[in-house]
Amino acid sequence: MSIPNVKRYRLTSVDGSEHATLMAVLPKGTDVDQYLKEASERFDWKAYRDMKASVNKVRVGQQKQQKKK
């Protein structure tokens, strides 16, 4: 079940090299550009890079087992 009125916003890092997605419900009359600017400054880009680097790709399917001597 989803939360009503949730919108996705795309954050860009300060140096412009990376992008992240932010999901938020903003009150009426909020300046969206100002909110996104502040959110991208507060976003933990180092932890985001570390999380993306730690994702291991899993090979699907059978693999031949190696015999140990």
Inset, instruction - State, yes or no, whether a side-chain contact exists between L11 and T21 at a heavy-atom distance under 4.5 Å. - result: no

Inset, instruction - Compare all side-chain heavy atoms of Y9 with those of V32 and state whether any distance is below 4.5 angstrom. - result: yes

Donor-acceptor under 3.5 Å ([X] side chain, [Y] main chain):
| X | Y | result |
| --- | --- | --- |
| Y48 | H19 | yes |
| W45 | T12 | no |
| S13 | S17 | yes |

Inset, instruction - Look at the side-chain heavy atoms of Ile, Leu, Val, Met, Phe, Trp and Tyr, link any pair under 4.5 Å apart, and say whether V14 and L36 land in one connected group. - result: no

Inset, instruction - Answer with yes or no whether the hydrophobic clustering places M51 together with L22; edges join I, L, V, M, F, W, Y residues whose side-chain heavy atoms lie under 4.5 Å apart. - result: yes

Inset, instruction - Count the heavy atoms of every other residue, nucleotide or ligand shown that sit under 6.0 Å from CG of N5, and state whether that count exceeds 12. - result: no

Legend entry - Residues D33, K37: salt bridge by 4.0 Å N-O rule: no

Inset, instruction - Would you check, one step at a time, whether the test side-chain contact (heavy atoms from CB on, under 4.5 Å) holds for K7 with M23? - result: CA-CA 6 Å; K7 292 187 179 179; M23 295 177 69; over 6 Å; no

